Participant: 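For reference, the structure I am asking about is given below.
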Amino acid sequence: MELKQLRYFVAVAETLNFRRAAERLHITQPPLSQSIKSLESSLNVKLFHRNTHGVQLTKAGEVFLDEALDVLAAAQRSINRAKQAKVGEIGVLRVGYSASSIFSSVLTSALSVLLKERPKLELQLCEGNAFTHLTALRSRRLDAAILRADLSNESVKGLRILYLGMEPLYVLLPEGHFLASAKGIKLHELQEERLLLQPASHGTFLRRQIESLSEKTGFSLSHFLEVPNIANMICFVSANLGVAILPASVAKIAHGLVAIPLLETGATQSLMLVSVQGNSLAEHLDKTLRKLAINAK
């Protein structure tokens with residue numbers, strides 16, 4: 001049984017006239033009659049009474065009409081959903097992000113716009129580091145990822161890259177700290193401070209960057225406390241348990257704390273969208289981010 005046969009049957013059942021049904025379907029009457037006979041033969045059921053007065057549905061035909069309409073409606077819904085998925089109106093968008101990138105307003109604004117434009121879109125978020133996200137992108141377990149990282153051309157080969165700009169690092173201090181009025185801070189000025197860091201086991205770019213800056217400047221990373229996540233880190237700074245080095249976007253939302261620029265060379269981070277080529281949903285996120293970046297200039 002084919003969908004075409006169901007459409008032909010419905011046309012005859014609704015018009016109760018082969019000629020008018022053929023005109024509605026834009027075909028001639030003989031192939032329509034043949035299609036109905038073939039359908040009845042395959043079902044081994046008589047669907048119409050044919051006589052000199054016209055055409056009438058049998059009891060079986062009446063039941064079959066309801067079922068045929070349901071099948072055709074379901075088929076049309078499937079077609080519509082497939083078309084919507086093709087243009088990115090529905091589906092699942094899987095986005096990875098590094099721990100600090102979720103604080104970037106450009107990312108959250110883009111996701112907000114995307115969900116308003118496509119309310120039926122399902123969004124799945126996954127936190128991790130650049131290495132795990134790149135692996136997930138290549139295996140198609142992620143569609144896109146917002147990362148802070150210094151990536152080689154080889155590591156992103158075959159993926160789509162959108163650079164969203166550079167972001168400076170800030171030192172986050174509690175109010176009343178003796179460095180709170182400084183215009184800028186060098187690492188050596190924090191030698192006596194307890195530095196709050198992301199766990200080394202998380203493999204984040206921010207942790208590696210701080211370690212690299214410390215090595216270049218001769219700063220001893222011996223007095224530190226590993227904190228599970230950035231939200232906790234902000235709370236710990238507020239509680240005067242230590243100081244933190246975080247990107248500007250994080251520092252801006254740390255209300256009640258003091259953010260001072262870190263003056264070391266290389267104390268910046270690039271923010272980028274890495275996405276799968278040919279994925280319509282990832283391409284929509286890319287376009288949305290581009291628009292927001294242009295409007296922000």
Side-chain angles (χ1 to χ4, degrees), residues 96-109 125 127-133 145-151 163-217 219-273 296:
Y97 63 92
S98 59
S100 61
S101 67
I102 197 67
F103 292 90
S104 168
S105 60
V106 67
L107 169 60
T108 51
S109 296
L125 297 175
E127 183 179 344
N129 60 40
F131 176 77
T132 58
H133 285 333
I146 292 282
L147 304 176
R148 297 187 191 277
D150 184 13
L151 302 176
Y163 288 96
L164 298 168
M166 302 295 291
E167 194 170 339
L169 296 179
Y170 278 71
V171 180
L172 207 58
L173 307 168
E175 287 185 336
H177 193 279
F178 75 94
L179 290 173
S181 60
K183 298 296 184 184
I185 295 176
K186 302 283 283 186
L187 272 176
H188 70 83
E189 297 178 85
L190 302 175
Q191 196 63 67
E192 301 302 319
E193 301 293 326
R194 180 186 295 107
L195 193 58
L196 306 177
L197 298 173
Q198 295 166 303
S201 60
H202 289 187
T204 65
F205 176 68
L206 178 59
R207 171 66 185 257
R208 297 197 307 272
Q209 185 181 25
I210 293 174
E211 290 174 344
S212 177
L213 289 172
S214 299
E215 184 177 348
K216 289 177 182 178
T217 59
F219 175 72
S220 175
L221 258 183
S222 57
H223 191 37
F224 65 87
L225 174 63
E226 290 190 333
V227 183
N229 58 60
I230 289 177
N232 287 353
M233 197 177 291
I234 293 172
C235 291
F236 278 26
V237 174
S238 180
N240 208 18
L241 292 173
V243 301
I245 297 175
L246 296 167
S249 58
V250 182
K252 287 178 181 177
I253 66 167
H255 303 297
L257 299 179
V258 180
I260 310 294
L262 182 64
L263 298 180
E264 305 297 347
T265 301
T268 58
Q269 291 187 341
S270 61
L271 184 67
M272 67 188 75
L273 173 73

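Keep in mind the model is a prediction, meaning the values are calculated, not measured.
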Participant: Using residues 266-273 as the side-chain source, report each donor-acceptor pair under 3.5 Å to any protein atom, sequence neighbours left out, with the distance given to one decimal.
Facilitator:
from   : atom 1 : to     : atom 2 : distance (Å)
Gln269 : NE2    : Gln209 : OE1    : 2.8
Ser270 : OG     : Ala149 : O      : 3.0

Participant: So, do Leu213 and Ile245 sit near enough that their side-chain heavy atoms are less than 4.5 Å apart?
Facilitator: no
Participant: Quick one: side chain to side chain contact (heavy atoms under 4.5 Å, CB included) partners of Glu193, sequence neighbours excluded?
Facilitator: His177, Phe178, Leu190, Val243
Participant: Check whether any side-chain N or O of Ser109 sits under 3.5 Å from a backbone N or O of Val106 as a donor-acceptor pair, and report yes or no.
Facilitator: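 Flag not set: sc Ser109 to bb Val106 has no pair under 3.5 Å.
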Participant: What residues, two or more places apart in sequence or in another chain, satisfy side chain to side chain contact (heavy atoms under 4.5 Å, CB included) together with Ile102?
Facilitator: Tyr97, Leu107
Participant: Decide yes or no for Leu172 and Val250: does some side-chain heavy atom of the first lie under 4.5 Å from some side-chain heavy atom of the second?
Facilitator: no
Participant: Give a yes or no answer on whether the side chain of His223 reaches the backbone of Gln191 with a donor-acceptor pair at less than 3.5 Å.
Facilitator: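 No: the side chain of His223 does not pair with the backbone of Gln191.
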Participant: Check this for me, if you would: do Arg148 and Glu167 make a salt bridge, where the nitrogen-to-carboxylate-oxygen distance has to be below 4.0 angstrom?
Facilitator: yes
Participant: Taking the side chain from Gln198 and the backbone from Ile230, do they hold a donor-acceptor pair closer than 3.5 Å?
Facilitator: no
Participant: In chain order, what residues pass the side-chain hydrogen bond (donor to acceptor under 3.5 Å, both in side chains) check against Ser201, with sequence neighbours excluded?
Facilitator: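 By the side-chain hydrogen bond (donor to acceptor under 3.5 Å, both in side chains) rule, Ser201 matches no residue at all.
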Participant: By side chain to side chain contact (heavy atoms under 4.5 Å, CB included), which residues pair with Asn229, not counting sequence neighbours?
Facilitator: Ala231, Asn232
Participant: Taking only residues two or more places apart in sequence, or in another chain, which ones meet Leu225 in a side chain to side chain contact (heavy atoms under 4.5 Å, CB included)?
Facilitator: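 Result, side chain to side chain contact (heavy atoms under 4.5 Å, CB included) vs Leu225: Arg194, Leu196, Val227, Phe236.
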Participant: Looking at every non-hydrogen atom in both residues, tell me the closest pair between Gly128 and His133 and how far apart they are.
Facilitator: N-NE2, 3.2 Å
Participant: Is the closest side-chain heavy-atom distance between Leu197 and Ile210 below 4.5 Å?
Facilitator: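 Yes, their side chains come closer than 4.5 Å.
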Participant: Any luck finding a side-chain donor-acceptor pair between Ser104 and Ser101 under 3.5 Å?
Facilitator: no
Participant: Less than 6.0 angstrom from the centroid, inside 45 degrees of the normal: does Arg208 satisfy that with respect to the ring of Phe131?
Facilitator: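 Judged by the rule, Arg208 and Phe131 form no cation-pi pair.
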